[in-house]
Amino acid sequence: MRRLVRETHLQPSQFILPLFVCPGTGLRREIASMPGHAQLSVDEAVREAAEAERLGLGGVILFGIPEKKDDNATEASSDGGIVQRAIRAIKPAAPSLLVITDVCNCEYTSHGHCGKVVDGDVDNDATLEWLARAAVSHARAGADIVAPSDMMDGRVGAIRRALDGEGFPNTPILSYAAKFASVFYGPFRDAAESTPQFGDRRSYQMDPANGREALREIELDLEEGADMIMVKPAMPYLDIIRQARDRWQAPITAYQVSGEFSMIMAAARNGWIDGQRAMLESLTAIRRAGASITVTYFAKQAAALLAPPVR
Ligand code: PBG
């Protein structure tokens, strides 16, 4: 009877698995704070992607750990960059899997900020050019969707114009529209080696206290041409997901971030919580709040549990 009247269902095709790609071959460098996740060389990332496809996941989202970082995030937009190489290797190996790319600079700058630093602060408008160049290089390598996560104002419009101008009018933009300056990104920054070397991201990421401002950010990104929007983190911001769902028709993505994952894993490993149930309850709550798509480090485990479909 419960099954008959259930309102919310999880499907593997709604999940997106984040992958961290690093230079080298045959490498799987475990991330201590994110059990089961590792920095993967391109060949290993291809294996993960093939597994993701086999499990019926909707896609993967790629983050790069470059050969070398510099002040201008050079590798972020280089055709031979780590993410660009990974896309070219993954697409033919897992043709029915969507390859989404995170478009940002923080993994590529020596200072760890998401954009060009001028006089000790990130210069919004100068960064737009970098982002547009990176998004075009991802599309050229074969990315199915580009996902800017930098939170610069005007970047969706800048990326849209660049993609259209370079012959990629059909590449959609999934915008990290409401991205909060959150403590829950901690484990990710270990994984992606992207902790800012000075200051923090509060000049471009949002105040967790501001819900109305989050809706304004989403609205602006949709006006600039975002095809899908994202709320991030997920569980502490279910109210934002719900309000966005009620207000707009665009697909809404929720990012269950590294800290959300690591907290559940840590509690489960201590025997303080049933990890599997916590995973499913959190994913169900995110979907019930209104997310159409969920980026989650649980993507593989959840998909493996959900398929074969419930009897
Ligand atoms: C890059 C980016 C971050 C995350 C996704 N893209 C880190 C940050 O903004 O510091 C976090 C994802 C996670 O915690 O799982 N800007």
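- Side-chain atoms of Q14 and T294 include no donor-acceptor pair closer than 3.5 Å.
- Taking the charged nitrogens against the carboxylate oxygens, D207 and R202 have no contact shorter than 4.0 Å, which rules out a salt bridge.
- Scanning both residues, A86 and V42, for their nearest heavy atoms gives CA-CG1, 4.1 Å.
- With sequence neighbours excluded, no residue forms a salt bridge (charged side-chain N to carboxylate O under 4.0 Å, His left out) with R288.
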What side-chain donor-acceptor pairs closer than 3.5 Å can you find for residues 23-31, not counting sequence neighbours?
from, atom 1, to, atom 2, distance (Å)
R28, NH1, E44, OE1, 3.0
R28, NH2, E48, OE2, 3.0
R29, NH1, Q39, OE1, 2.5

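- With respect to R47 and D43, no salt bridge is recorded, no charged nitrogen being found less than 4.0 Å from a carboxylate O.
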Kindly list each side-chain donor-acceptor pair under 3.5 angstrom involving residues 268-275, sequence neighbours excluded, with atom names and distances?
from, atom 1, to, atom 2, distance (Å)
N270, ND2, A266, O, 3.2
D274, OD1, Q276, N, 3.2
D274, OD1, R277, N, 3.2

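- Within the structure, salt bridge (charged side-chain N to carboxylate O under 4.0 Å, His left out) contacts touching residues 240-255 (residues at least two apart or in different chains) are R242-D246.
- Note that OH of Y255 is 12.0 Å distant from OG of S182, once rounded to the nearest 0.5 Å.
- Defined by atom type and a distance below 3.5 Å, a donor-acceptor pair is missing between the side-chain atoms of S194 and E107.
- Partner of T74 under the side-chain hydrogen bond (donor to acceptor under 3.5 Å, both in side chains) criterion, chosen from N72, D70, D71: D70.
- The CD1 atom of I252 lies 11.0 Å from the CD1 atom of I240; values are rounded to the nearest 0.5 Å.
- Using modelled atom types and a 3.5 Å distance limit, the side chains of S282 and Q256 yield a donor-acceptor pair.
- Legend: residues meeting salt bridge (charged side-chain N to carboxylate O under 4.0 Å, His left out) with D102, ordered by chain and number and at least two apart, are absent.
- For the pair K179 and Y185, the cation-pi test (distance below 6.0 Å, angle within 45°) is passed.
- Atom-to-atom distance recorded for L62:CG and F20:CZ is 10.5 Å, nearest 0.5 angstrom.
- Between F298 and F15, the distance from one ring center to the other does not fall under 6.0 angstrom.
- With sequence neighbours excluded, the residues satisfying salt bridge (charged side-chain N to carboxylate O under 4.0 Å, His left out) with E219 are R216.
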